[in-house]
Amino acid sequence: MEAYTKVFGILGLLVFVSISEIHRVEGAGECGRSTTPDNEAIKLIPCVSAAKDEKAEVTQNCCTQIEKLGKNPSCLCAVMLSNTAKMSGADPKVAITIPKRCNLANRPIGYKCGPYTLP
């Protein structure tokens with residue numbers, strides 16, 4: 001009887017993991033199927049100081065990454081509000097000003113980013 005319990009427990013776990021993997025692969029998040037906002041946030045390491053202090057210089061490297069993310073405003077917002085961004089000490093009120101501070105012509109002006117609006 002104990003053997004059957006272990007087998008059914010293992011089968012149940014395998015079914016659960018399989019279903020979880022199927023949903024993870026099929027579901028596209030804000031940043032697409034192949035990445036997550038937390039993974040994209042890591043690419044914004046050059047923006048950390050600019051995301052903490054509105055008076056800090058925004059580097060060209062930061063602006064290049066922001067320009068790439070800005071092509072998908074929902075991803076940009078998800079990245080700015082991600083756990084990784086929070087753990088880096090980024091202030092969302094300051095972070096949303098970075099596209100404007102980079103003087104990006106095609107930035108998503110007025111896009112609602114949670115409780116914030118991109119300037």
P37 side chain reached by E30 side chain, heavy atoms, under 4.5 Å: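 Counting from C-beta outward, E30 and P37 do come under 4.5 Å.
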
Contact check, side chains of C31 and T36, non-hydrogen atoms, under 4.5 Å: no

Verdict with supporting geometry, I96 and M80, side chain to side chain contact (heavy atoms under 4.5 Å, CB included): CA-CA 7 Å; I96 64 164; M80 289 183 179; 3.8 Å; yes

Can you name the closest pair of heavy atoms from [X] and [Y] and give their distance?
| X | Y | answer |
| --- | --- | --- |
| L69 | C75 | CD2-SG, 3.7 Å |
| L76 | P99 | CD2-CG, 4.1 Å |
| T35 | N39 | OG1-CB, 3.3 Å |
| P92 | L81 | CB-CD2, 3.8 Å |

Shared hydrophobic cluster, L104 / Y111 (ILVMFWY, side-chain heavy atoms < 4.5 Å): yes

Single-linkage hydrophobic cluster, 4.5 Å side-chain cutoff, Y116 and V79 together: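 Yes, Y116 and V79 fall within the same hydrophobic cluster.
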
I'd like a table of donor-acceptor pairs (distance under 3.5 Å, sequence neighbours excluded) in which one partner is a side-chain atom from residues 53-65, with atom names and distances.
{"unit_1": "D53", "atom_1": "OD1", "unit_2": "K55", "atom_2": "N", "d": "2.9"}
{"unit_1": "T59", "atom_1": "OG1", "unit_2": "C62", "atom_2": "N", "d": "3.1"}
{"unit_1": "T64", "atom_1": "OG1", "unit_2": "Q60", "atom_2": "O", "d": "2.9"}

Pair listing, salt bridge (charged side-chain N to carboxylate O under 4.0 Å, His left out) test, anchored in residues 38-52, at least two apart: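 As it turns out, the salt bridge (charged side-chain N to carboxylate O under 4.0 Å, His left out) pairs with a partner in residues 38-52, which skip direct neighbours, are E40-K43.
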
A95 backbone acceptor or donor facing R101 side chain under 3.5 Å: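 Checking the backbone N and O of A95 against the side chain of R101, no donor-acceptor pair under 3.5 Å is found.
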
Atom NZ of K100 with >12 non-hydrogen neighbours under 6.0 angstrom: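 At most 12 heavy atoms, drawn from other residues, nucleotides or ligands, come within 6.0 Å of this atom.
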
Steps toward side chain to side chain contact (heavy atoms under 4.5 Å, CB included) verdict (I109, L118): CA-CA 5 Å; I109 297 170; L118 290 166; over 6 Å; no

